[in-house]
**Q** 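Could you have a look at this structure, given as structure tokens, before my questions?
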Amino acid sequence: MATVVQKFGGTSVGDVTKIKRAAEKVKREMEAGNGVVTVVSAMGKSTDSLVELAQDISDSPDKREMDMLLSTGEQVTMSLMVMALKEMGIDAVSLTGWQAGIKTEPVHQNARITGIDTERIESYLNSGKAVIVAGFQGLSEGGEITTLGRGGSDTSAVALAAALKAESCSIYTDVTGVYTCDPRTAKKARQLSSISYDEMLELANLGAGVLHPRAVEFAKNYNIPLIVRSSTIDKEGTIVEEEASMEQNLVVRGLAFEGAVTKITIEQLPNEFDTMSKLFSTLADAKIDVDIIIQQMTGKNEMNVSFSVQTHELKDALKVLEESQEKLGYNDIRHEDNLSKVSIVGSGMVSNPGVAATMFNVLSEQQVSIKMVSTSEIKVSVVVPEADMVKAVDALHTAFELDVKEASKVTS
Ligand code: ADP
Ligand code: ASP
Ligand code: MG
């Protein structure tokens, strides 16, 4: 008996009708003779509602208690899904993350999965039951409930597919697949029939919310083909795999973007061999996630260092930097917010010089000012004003020949 894993995201289980529709898909796989493990997210925007409740009580709610709270969302869906299946005559059982044997590191709100003990799931599969698992949650060695970071149900699904050596892993969502750019923003975005793990990982890390980055990492490490498809529209999805077939010989496969970026500049730091190490260790110790870094010599013994952070980290970053002014020896700090990051991604860039130049030309024609740049073998990212983000995305999408010929219905 082959095992298949499928995952239904929040919108795909947003109400009872949608839960029943998802249950139909489970039933279909069961009737095809497969062992079926289904990972579910919390219904609709219910995780957001739980976060709001917590924030109505505290500005910085206790992280352990946040995990206790947020892990309830997925448990509502899993039991309703089993009830729906039983009404259809399918034998099924729901399992929380910890009942499903999902073990994580002891980190609240953003834990990594460290292992899965599949015994219990396997025994249910062998007895012919459909197994419905609550996504986004696990248990640390100390017996604490943990969650995997927002969007983390994708990772639960892929990790289960790896542990169970599943034949396939389908991610059912509210778009028909992975597009060249978020189709809600880029109206000319085109669905891709396939994309490589590396490209998808870059896009996910750079803000394409369609897949949780760690899910793609898992899929790459265990070589599990992922199929992203719609839970409502019957259309072929996108396959994420090792080698994506080139539909067109394009250098850029897709674009990603994210808003709420802030650039911080530390002025007149001493130019010493350990300056950078001291500065970024200070930020790392305070768990500030730094993205693009630029170092600029301003005199023989002085330099400025700029870096970008997500705007919600600004307050903490400034606090720790101000507290460390004496240790770091700088003169002043400035920051610029209301920025965004726009990135182009494609494995074809490796052998094509001039991609960054084309990107800068397009932005210059659009009179978009570039604040920071970062590159890797398969991506170029620029930090630009947030007010220009959509304009930049649209112009780059057209310039790199990604536009769809005709607009098609992409969302449910
Ligand atoms: P789910 O609740 O099913 O996990 P998400 O909201 O997490 O769904 O992910 C689906 C959303 O991802 C889409 O509605 C779309 O707006 C967004 N998205 C961002 N980038 C892309 C992309 N490149 N291709 C498809 N969807 C994208
Ligand atoms: N419910 C969680 C969230 O909204 C996890 C998920 O949906 O993947 O982030
Ligand atoms: Mg998601």
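When a ligand or atom number is given, it counts from 1 through the structure's own listing order. Both backbone and side-chain heavy atoms feed into the values below; hydrogens, waters and symmetry mates do not. All values derive from a computational prediction rather than experimental measurement. This chain uses plain numbering: 1 for the first residue, then up along the sequence.
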**Q** How does Arg253 reach ligand 1, by side chain, by backbone, by both or by neither, if only non-hydrogen atoms under 4.0 Å count?
**A**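 Near ligand 1, Arg253 shows nothing, with every heavy atom at 4.0 Å or more.
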**Q** Evaluating non-hydrogen atoms only, which member of Ser153, Gly177, Gly152 is closest to atom 25 (C) of ligand 1?
**A** Gly177
**Q** Using a 3.5 Å cut-off on N or O atoms only, is Thr180 in polar contact with ligand 1?
**A** no
**Q** Below 4.0 angstrom from a heavy atom of Lys7, which ligand 1 atoms are there? Numbered from 1 as shown, please.
**A** 4 (O)
**Q** Which residues pass the side-chain contact (heavy atoms from CB on, under 4.5 Å) test with Thr146, not counting sequence neighbours?
**A** Asp67, Thr104, His108, Ala111, Ser140
**Q** Determine whether any heavy atom of Ser12 lies closer than 4.0 Å to an atom of ligand 1.
**A** no
**Q** Would you mind listing which atoms of ligand 2 come within a distance below 4.0 Å of any non-hydrogen atom of Arg150?
**A**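 Matching atoms, with element in brackets: 3 (C), 4 (O), 9 (O).
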**Q** Counting only heavy atoms from other residues, nucleotides and ligands, does the tally under 6.0 Å from CD of Glu236 exceed 12?
**A** no
**Q** Could you list the atoms of ligand 2 found under 4.0 angstrom from a heavy atom of Ser41?
**A** 6 (C), 7 (O), 8 (O)
**Q** At under 4.0 Å between heavy atoms, is it the side chain or the backbone of His212 that contacts ligand 2, or both, or neither?
**A**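 None of His212 does.
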**Q** Could you tell me whether ligand 1 has any atom less than 4.0 Å away from a heavy atom of Gly254?
**A** no
**Q** Give the atoms of ligand 1, by number and element, whose distance to some non-hydrogen atom of Val178 is under 4.0 Å.
**A**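 What qualifies from ligand 1 is 24 (N).
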**Q** With heavy-atom distances below 4.0 Å as the criterion, list the atoms of ligand 1 near Gly9.
**A**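 Answer for ligand 1: 1 (P), 2 (O), 3 (O), 4 (O).
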**Q** Tell me, do Ile333 and Glu267 make a side-chain contact under 4.5 Å, heavy atoms counted?
**A** no
**Q** Do the charged groups of Lys371 and Glu336 touch, with an N to O distance under 4.0 Å?
**A** yes
**Q** Does any donor atom in the side chain of Lys18 or Ser231 lie under 3.5 Å from an acceptor atom in the other side chain?
**A**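 No, no side-chain donor-acceptor contact under 3.5 Å.
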**Q** I'd like to check Glu24 versus Leu85 (side-chain heavy atoms, cut-off strictly below 4.5 Å). Are they in contact?
**A** no
**Q** Any N or O on Gly10 sitting closer than 3.5 Å to an N or O of ligand 1?
**A**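 Between Gly10 and ligand 1 (N or O atoms, distance only) the closest approach is under 3.5 Å.
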**Q** With a cut-off of 4.0 Å, which atoms of ligand 2 are near a heavy atom of Glu74?
**A** 1 (N), 2 (C), 5 (C)
**Q** Taking atom types as modelled, find out whether Asn338 and Glu386 have a side-chain donor-acceptor pair closer than 3.5 angstrom.
**A** no
**Q** With sequence neighbours excluded, tell me which residues meet ring pair (Phe, Tyr, Trp, His ring centres under 6.0 Å) with Phe218.
**A**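 Once residues adjacent in sequence are excluded, the partners of Phe218 under the ring pair (Phe, Tyr, Trp, His ring centres under 6.0 Å) criterion are Tyr222.
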**Q** Assess, by modelled atom type and distance only, whether the side chains of Ser230 and Thr176 contain a donor and an acceptor separated by less than 3.5 Å.
**A**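 Note: Ser230 and Thr176 side chains miss the donor-acceptor criterion.
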**Q** Would Gly151 count as a polar contact of ligand 2, with the cut-off being nitrogen or oxygen pairs under 3.5 Å?
**A** yes
**Q** Heavy-atom distance to atom 8 (O) of ligand 2: which of Gly73, Ser153, Ala157 wins?
**A** Ser153
**Q** Provide the number and element of each atom of ligand 1 under 4.0 Å from a heavy atom of Gly209.
**A**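 Reading through ligand 1 atom by atom, the close ones are 7 (O), 9 (O), 12 (O), 19 (C), 20 (N).
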**Q** At under 4.0 Å between heavy atoms, is it the side chain or the backbone of Ala189 that contacts ligand 1, or both, or neither?
**A** neither
**Q** If we ignore angles and hydrogens, is there a donor and acceptor under 3.5 Å between the side chains of Lys25 and Ser170?
**A** no
**Q** Which of the numbered atoms in ligand 1 are under 4.0 angstrom from any heavy atom belonging to Asp174?
**A** 10 (C), 11 (C), 13 (C), 14 (O)
**Q** Does a side chain donor of either Thr77 or Glu74 reach within less than 3.5 Å of an acceptor in the other side chain?
**A** no
**Q** Would Lys45 count as a contact residue for ligand 2, given that I'm defining contact as a non-hydrogen atom of the residue lying under 4.0 Å from a ligand atom?
**A**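 No heavy atom of Lys45 comes that close to ligand 2.
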**Q** Within ligand 2, which atoms have a heavy atom of Phe136 less than 4.0 Å away?
**A**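 Selected atoms, number and element: 2 (C), 5 (C).
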**Q** Thr155 pairs by side-chain hydrogen bond (donor to acceptor under 3.5 Å, both in side chains) with which of Arg214, Arg112, Lys7, His212?
**A** His212
**Q** Should we say atom CG of Asp285 is surrounded by more than 12 heavy atoms from elsewhere, each under 6.0 Å from it?
**A**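 Yes, CG of Asp285 has more than 12 neighbouring heavy atoms, counting only those of other groups under 6.0 Å.
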**Q** Looking at Tyr179, which atoms of ligand 1 are within less than 4.0 Å of one of its heavy atoms?
**A** 22 (C), 23 (N), 24 (N), 25 (C)
**Q** For atom 8 (O) of ligand 1, which candidate among Val13, Thr173, Leu255 provides the closest heavy atom?
**A** Thr173
**Q** Indicate the ring-plane relationship of Phe280 and Phe307, choosing parallel, tilted or perpendicular according to the 30° and 60° boundaries.
**A**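 Geometry flag for Phe307 against Phe280: perpendicular rings.
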**Q** Does Thr47, backbone or side chain, put an N or O under 3.5 Å from an N or O of ligand 2?
**A** yes
**Q** May I ask you to check if ligand 1 and Arg184 share an N or O to N or O distance below 3.5 Å?
**A** yes
